[in-house]
Amino acid sequence: MLQVSVLKEHTEAVLAGLAKRNYKTAEADVQAILALDQRRKDLQTSHDSAQAEANELARQIGGLMKAGNKAEAEALKARTAELKQHTKAHTEELVEVEKELQQALYKLPNLPHTSVPAGFSADDNEVVREVGSKPELYAAAKPHWDLIEQYDIIDFALGNKITGAGFPVYKGQGARLQRALINFFLDEARNAGYTEIQPPILVNEASGYGTGQLPDKEGQMYHATADDLYLIPTAEVPITNLYRDEIVPVEQLPIRNTGYTPCFRREAGSWGAHVRGLNRLHQFDKVEIVQITQPENSYAALEGMVAHIEGLLQKLGLPYRVLRLCGGDMGFTSALTFDLEVWSAAQQRWLEVSSASNFETYQANRLKLRYRPENGKPQLLHTLNGSALALPRIVAALLENNQQEDGIHLPEVLHSYCGFSKIG
């Protein structure tokens with residue numbers, strides 16, 4: 001959530017940033033927020049003035065009563081009663097105005113970093129680098145949705161039977177490959193200095209608002225209405241919310257956590273080959289890395305997170321590319337996002353497997369997540385997160401890129417985790 005002080009003191013810069021995001025009603029929305037904030041201040045001033053007058057009259061009434069001047073005391077009591085009605089009305093209106101202001105602020109996306117390119121869609125994203133050689137497959141090579149049937153490792157029909165479309169059943173070597181990748185990613189994160197967290201996969205509304213999934217992505221989240229809880233779309237939500245309403249001691253920074261969770265997303269896209277098989281699911285497994293750090297260190301932290309994710313892809317032997325997302329393709333809460341995509345040899349296309357983002361103070365302002373600099377007032381921290389990694393498209397690329405006539409040969413780094421080197 002953007003700070004009102006930023007909107008007020010840097011209005012032109014805010015409007016320019018929102019324009020880069022192609023946010024159509026930026027000027028009207030910003031002016032409405034500033035008007036609400038001014039109304040809030042006016043109400044608070046009027047409330048405080050009436051309260052101060054009432055307190056002064058109460059002091060005078062006591063003196064008049066002691067002096068036996070009952071008539072004048074009664075007159076002041078009548079005025080005090082009027083002031084109490086004013087302060088009550090002001091308090092009620094103030095609550096409503098503050099609520100309206102909060103909701104208006106929730107609707108504004110984060111401002112993009114200066115390095116974010118202008119653009120409207122994924123076609124306008126900037127390719128930062130491409131690493132690795134695209135494999136040449138043998139003539140009878142198949143896409144992963146045919147391979148998983150051939151080797152009986154993932155069953156979409158069974159998942160559809162017990163739940164619905166987009167909820168696959170992993171079995172045999174497919175289930176073991178899932179577990180192997182999760183353990184490999186967690187071990188790599190732990191070796192890189194991240195603390196492993198096993199969080200709940202259901203969160204309350206405050207957690208959804210804290211990291212910005214609500215109200216922006218309300219329609220994409222599974223909502224358990226009887227308990228008013230949400231199934232998480234990513235481990236970012238519970239792991240970041242561990243520090244909601246906290247002032248973190250500076251000696252504990254940076255915070256670096258990792259966690260594996262299943263993830264749930266109602267939105268699963270349209271029909272077609274680009275969402276077929278493992279390309280887009282309602283439930284999938286993911287290992288997340290999260291950092292919380294001082295503002296001056298956050299972009300170095302983002303570079304380190306991207307390097308960590310690249311290291312995983314290199315160890316898996318997958319060709320990949322790094323993209324800097326344009327203003328029109330960035331997530332609602334992000335100031336700068338790098339996507340990492342792997343090459344799917346059978347599909348002949350790039351598949352997104354990770355996003356690494358710096359949210360600057362946007363989430364921290366919602367979370368009231370701060371630190372206290374030495375001899376200073378509490379300041380908002382910067383939050384970051386990245387997928388390290390999301391499994392479905394990693395599995396798709398591993399199956400397709402490593403298929404040979406005698407089976408699917410897995411990268412050596414996974415052999416000890418899987419307990420086998422080849423599927424089939």
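Since the model is a prediction, treat every value here as computed from it, not as a measurement.
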Quick one: ring-ring contact (aromatic ring centres under 6.0 Å, His included) partners of His47, sequence neighbours excluded? none

Tell me which pairs pass ring pair (Phe, Tyr, Trp, His ring centres under 6.0 Å) where either residue lies in residues 4-42, with sequence neighbours left out. none

Summary of salt bridge (Lys or Arg N to Asp or Glu O under 4.0 Å) pairs that have at least one residue in residues 414-424, sequence neighbours excluded: Asp406-Lys422

Consider only side-chain N and O atoms of Ser49 and Ser46, and report whether a donor and an acceptor are under 3.5 Å apart. no

Straight-line distance of Leu15 CG to Leu111 CG, nearest 0.5 Å: 9.5 Å

Roughly how far apart are Leu399 CG and Leu278 CG, rounded to 0.5 Å? 7.5 Å

Which heavy atom in Pro295 sits nearest to a heavy atom in Leu380, and how many Å separate them? CG-O, 3.7 Å

So, Gln31 side chain and Ala28 main chain: donor-acceptor pair closer than 3.5 Å or not? no

Who are the ring-ring contact (aromatic ring centres under 6.0 Å, His included) partners of Tyr230, not counting sequence neighbours? His223

State whether the side chain of Ser334 and the backbone N or O of Met330 hold a donor-acceptor pair below 3.5 Å, judged by distance alone. no

Can any side-chain N or O of Asn160 pair as donor or acceptor with the backbone N or O of Ala165 at less than 3.5 Å? yes

Assign the ring pair Tyr222 / Phe264 to parallel, tilted or perpendicular, where the plane angle (0 to 90°) is split at 30° and 60°. perpendicular

Compare every heavy atom of Asn401 with every heavy atom of Pro319, then report the nearest pair and how far apart it is. CD-ND2, 3.9 Å

Using only atom types and a distance under 3.5 Å, with no angle test, would you say the side chain of Glu246 pairs donor to acceptor with the backbone of Leu369? no

Can you pull the salt bridge (Lys or Arg N to Asp or Glu O under 4.0 Å) pairs that have at least one residue in residues 220-242, sequence neighbours excluded? none

Is Asn125 reaching over with its side chain to a backbone N or O of Cys326, donor-acceptor style, under 3.5 angstrom? yes

Between the side chains of Gln102 and Glu98, is a donor N or O closer than 3.5 angstrom to an acceptor N or O? no

Should we say atom NZ of Lys217 is surrounded by more than 12 heavy atoms from elsewhere, each under 6.0 Å from it? yes

Does NZ in Lys368 sit with more than 12 non-hydrogen atoms of other residues, nucleotides or ligands closer than 6.0 Å? no

Of Glu130, Gln314, Glu341, the one forming a side chain to side chain donor-acceptor pair (under 3.5 Å) with Tyr320 is Gln314

Between Lys88, Lys99, Arg39, Arg40, which is the residue that forms a salt bridge (charged side-chain N to carboxylate O under 4.0 Å, His left out) with Glu93? Arg39

Distance from Gln347 atom CD to Arg393 atom CZ, nearest 0.5 Å? 9.5 Å

Specify the closest pair of heavy atoms between Ile232 and Leu202, including all atoms of both residues, with the distance to one decimal. CG2-N, 4.4 Å

Considering residues, nucleotides and ligands other than Phe420, do more than 12 of their heavy atoms fall under 6.0 Å from its CZ? yes

Between the side chain of Arg176 and the main-chain N/O of Cys418, is any donor-acceptor distance below 3.5 Å? yes

Taking everything shown except Lys134 itself, do over 12 heavy atoms lie less than 6.0 Å from its NZ? yes

Using modelled atom types only, decide if a donor and an acceptor are shared between the side chain of Asn22 and the backbone of Gly119 within a distance under 3.5 Å. yes

For Asn241 and Arg244, test the side chains for any donor-to-acceptor distance below 3.5 angstrom and give the result as yes or no. yes

Partners meeting ring-ring contact (aromatic ring centres under 6.0 Å, His included) with Tyr151 (sequence neighbours left out): none

Residue set satisfying salt bridge (charged side-chain N to carboxylate O under 4.0 Å, His left out) with Asp187, at least two apart, ordered chain then number -> Arg190

Give the intermediate values and the outcome of side chain to side chain donor-acceptor pair (under 3.5 Å) for residues Tyr260 and Gln198. CA-CA 7 Å; Tyr260 153 70; Gln198 188 174 28; over 6 Å; no

What pairs meet the salt bridge (Lys or Arg N to Asp or Glu O under 4.0 Å) rule with one or both residues in residues 3-27, with sequence neighbours excluded? Lys8-Asp37

Are Asp29 and Thr25 linked by a side-chain donor-acceptor pair shorter than 3.5 Å? yes

For residues 282-311, pull every pair meeting salt bridge (Lys or Arg N to Asp or Glu O under 4.0 Å), keeping only residues two or more places apart or in separate chains. Arg129-Glu310, Lys286-Glu288

Under a plain distance cut-off of 3.5 Å, with no hydrogens placed, do Thr211 and Gln363 share a side-chain donor-acceptor pair? no

Please collect all side chain to side chain donor-acceptor pair (under 3.5 Å) contacts where either partner lies in residues 247-256, sequence neighbours excluded, each pair once. none

At what distance, to the nearest 0.5 angstrom, does NE2 of His144 lie from CG of Leu351? 8.0 Å

Check the surroundings of atom CD in Glu126: do more than 12 heavy atoms from other residues, nucleotides or ligands lie under 6.0 Å from it? yes

Just checking, any donor-acceptor pair under 3.5 angstrom between side chains of Asn204 and Tyr209? no

Verdict with supporting geometry, Asn110 and Thr333, side chain to side chain donor-acceptor pair (under 3.5 Å): CA-CA 5 Å; Asn110 200 359; Thr333 54; over 6 Å; no

Could you verify whether a donor N or O on one side chain and an acceptor N or O on the other, from Glu196 and Thr258, lie under 3.5 Å apart? no

Pairwise ring pair (Phe, Tyr, Trp, His ring centres under 6.0 Å) hits with a residue in residues 361-382, at least two apart: none

Hey, are Gln173 and Asp152 close enough side-chain-wise for a donor-acceptor pair under 3.5 Å? no

Once salt bridge (charged side-chain N to carboxylate O under 4.0 Å, His left out) is applied, do any residues pair with Arg179, and if so which ones, sequence neighbours excluded? none

Closest approach of Leu186 to Gly259 (non-hydrogen atoms, all atoms of both residues): CD2-C, 4.2 Å

Considering all heavy atoms, the nearest Thr261-Ala235 contact: OG1-CB, 3.6 Å

Closest non-hydrogen contact found for Gln283 with Pro168 is O-CD, 4.3 Å

Is a side-chain donor or acceptor of Ser298 paired with a backbone partner of Gln294 at a separation under 3.5 angstrom? no

Using modelled atom types and a 3.5 Å cut-off, is there a donor and acceptor pairing between side-chain atoms of Ser207 and backbone atoms of Val203? no

Going by distance alone, is a donor N or O of one side chain under 3.5 Å from an acceptor N or O of the other, for Gln291 and Tyr194? yes

Would you find a donor on one side and an acceptor on the other, under 3.5 Å apart, between the side chain of Ser354 and the backbone of Ser387? yes

Set out, in order, the CA-CA distance, both residues' side-chain angles and the distance that settles salt bridge (charged side-chain N to carboxylate O under 4.0 Å, His left out) for Glu53 and Arg79, then state yes or no. CA-CA 10 Å; Glu53 184 181 349; Arg79 174 59 180 160; 3.1 Å; yes

Nearest-0.5 Å distance, OH of residue Tyr170 to CG of residue Asp155: 11.5 Å

